[in-house]
Amino acid sequence: MNEHKINIHALRAMKQRGEKITALTAYDFFTAKIMDEVGVQLILVGDSVGMAELGYENTLPVTMDDMIHHTKAVARAKPQALLVADMPFMSYASVRTALENGGRLIQAGAEAVKVEGGESMIEQVRALVGAGVPVLGHIGLLPQSILETGGYKIQGRTPQSAERVLRDAEALEKAGVFAMVVEGTVASVAEQVTKSVTVPTIGIGAGAHCDGQILVSNDMLGLFTWFTPKHVKRYANLSEEMRKAFAAYKRDVESGEFPGAGQSFQ
Ligand code: KIV
C-alpha cells in the first residue's frame, strides 16, 4: 500500500483541516506524470478532452471509448493523485447504463467517476456509490446540458437558480458523493454551498471560497488560445513556445542547419 496515495477520505480530511485541494485535468501519460510530481491531489480525465485534444466544439460527441482510451493513458502514470474519469454525455442516462459504464471506467484505471447533475441524477449516483464506485458530483453550469439550457450560462444569478444549486448540492451529498465540482456559479452561492455540505467543493469559475479549484490544463497552459474563458488564469504560453520551436525546426531543415554533425552517425 502506498502511504502517499490520495484517496477520497484524504480529500475529505483536507476540507476538515481547511486545506485547499488542487485539481487539474489530464488526458495523457506525460502530463499526468508532471502534474503528479508537483503534488496535485486530484487528476480529472475530463470529457473536456473533446475540445482540448479531439477538436470537437463541445463535450457532447465524446464517447465511452474516448474516455477509456485517455483514462488508460493517465492511469499508466500511476499518480499519487486521485484519478477521476468523467462519464460522457448519455453514458449514465439510466441506472443500468451508469453502472455498466462506471464499471468500465474503473476497470480502465479510474478510482472514481464524475457525473453532471444534481437532483435529477440521484438514482444513478446512489447506484454507483452502492456498487462501490466513488462519485464526484458536478453542479452549477453543466456543459453536457447546453442544448437544453441554451448555452454556457452562469448559475446562481437569480434566487431560483441559487436555490436550485443549493438543493442539488444537498441532494448529492445525501446520495453519497465524496466531493462535488461547482462550475460557473456566482461566488457567493458557491460559498454558501461550500459551507452547507460536509464534502469538499471543487470550484471552476465559482470564486475563491470553494474547498479546492480545478482548471482545464490546456487552458491554464495557454495551449488553447482561440478563446480564454473569464475564469481561466494563464500560467504559461505553450502554444507560442510550440509555434517558435516548429518554425525554428522548419528554418533549420530548409537551410541545411539540421541535422548537424551532432545529430548524424559516422
Ligand atoms: O471535463 C472537464 O474538464 C470538467 C472540468 C471543467 C471540471 O468537467
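Each ligand, and each atom within it, is numbered from 1 in the order the structure gives.
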**Q** Is it the side chain (CB and beyond), the backbone, both or neither of Val49 that lies under 4.0 Å from ligand 1, heavy atoms counted?
**A**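 Under 4.0 Å from ligand 1, Val49 contributes no heavy atoms.
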**Q** Check each heavy atom of Ile202 against ligand 1 and say whether those closer than 4.0 Å belong to the side chain, the backbone, both or neither.
**A**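 No part of Ile202 comes within reach of ligand 1.
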**Q** Check each atom of ligand 1 against the heavy atoms of His138 and keep those under 4.0 Å away; list them by number with element.
**A**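 So the answer, numbered in order with elements, is 8 (O).
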**Q** Does the pair Arg167/Glu170 count as a salt bridge with the N-to-O cut at 4.0 Å?
**A**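 Salt bridge: no.
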**Q** Short list, please: which atoms of ligand 1 are under 4.0 Å from a heavy atom of Ser48?
**A**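 Ligand 1 atoms under the 4.0 Å threshold to Ser48: 1 (O), 2 (C), 3 (O).
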**Q** So which protein heavy atom does atom 4 (C) of ligand 1 come closest to, and at what separation?
**A**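 Nearest protein contact, heavy atoms only, for atom 4 (C) of ligand 1 is Leu44 CD2, 3.6 Å.
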**Q** Quick one: which ligand 1 atoms are inside 4.0 Å of a heavy atom on Thr25?
**A**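 That gives atoms 3 (O) of ligand 1.
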**Q** For ligand 1, note which part of Asp47 has a heavy atom under 4.0 Å away: side chain, backbone, both or neither.
**A**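 Both backbone and side chain.
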**Q** Quick check: do Arg104 and Asn101 have side-chain heavy atoms less than 4.5 Å from each other?
**A**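 Touching, per the 4.5 Å side-chain cut-off.
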**Q** Do the charged groups of Glu240 and Lys244 touch, with an N to O distance under 4.0 Å?
**A**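 The answer is no: the pair does not qualify as a salt bridge.
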**Q** Check ligand 1 against Gly46 and write out every atom of the ligand that is under 4.0 Å from a heavy-atom position of the residue.
**A**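 Those of ligand 1 that fall under 4.0 Å from Gly46 are 1 (O), 2 (C), 3 (O).
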**Q** Strictly below 4.0 Å, N to O, side chains only: are Glu257 and Arg251 in salt-bridge contact?
**A**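 Looking at Arg251 together with Glu257, the answer is no, because their closest N to O distance does not fall below 4.0 Å.
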**Q** Check each atom of ligand 1 against the heavy atoms of Ile204 and keep those under 4.0 Å away; list them by number with element.
**A**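 Matching atoms, with element in brackets: 6 (C).
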**Q** Pairing donors with acceptors under 3.5 angstrom, does anything connect the side chains of Ser161 and Thr158?
**A**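 There is no such pair (donor and acceptor under 3.5 Å, judged by atom type) between the side chains of Ser161 and Thr158.
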**Q** Assess, by modelled atom type and distance only, whether the side chains of Thr198 and Glu173 contain a donor and an acceptor separated by less than 3.5 Å.
**A**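 Thr198 vs Glu173: donor-acceptor pair found between side chains.
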**Q** Identify, by atom number and element, the atoms of ligand 1 in contact range of Lys114, meaning under 4.0 Å from any of its heavy atoms.
**A**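 Answer for ligand 1: 4 (C), 8 (O).
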**Q** Given side chains that start at C-beta, do those of Leu82 and Phe178 come closer than 4.5 Å, heavy atoms only?
**A**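 In short, these two side chains touch, coming nearer than 4.5 Å.
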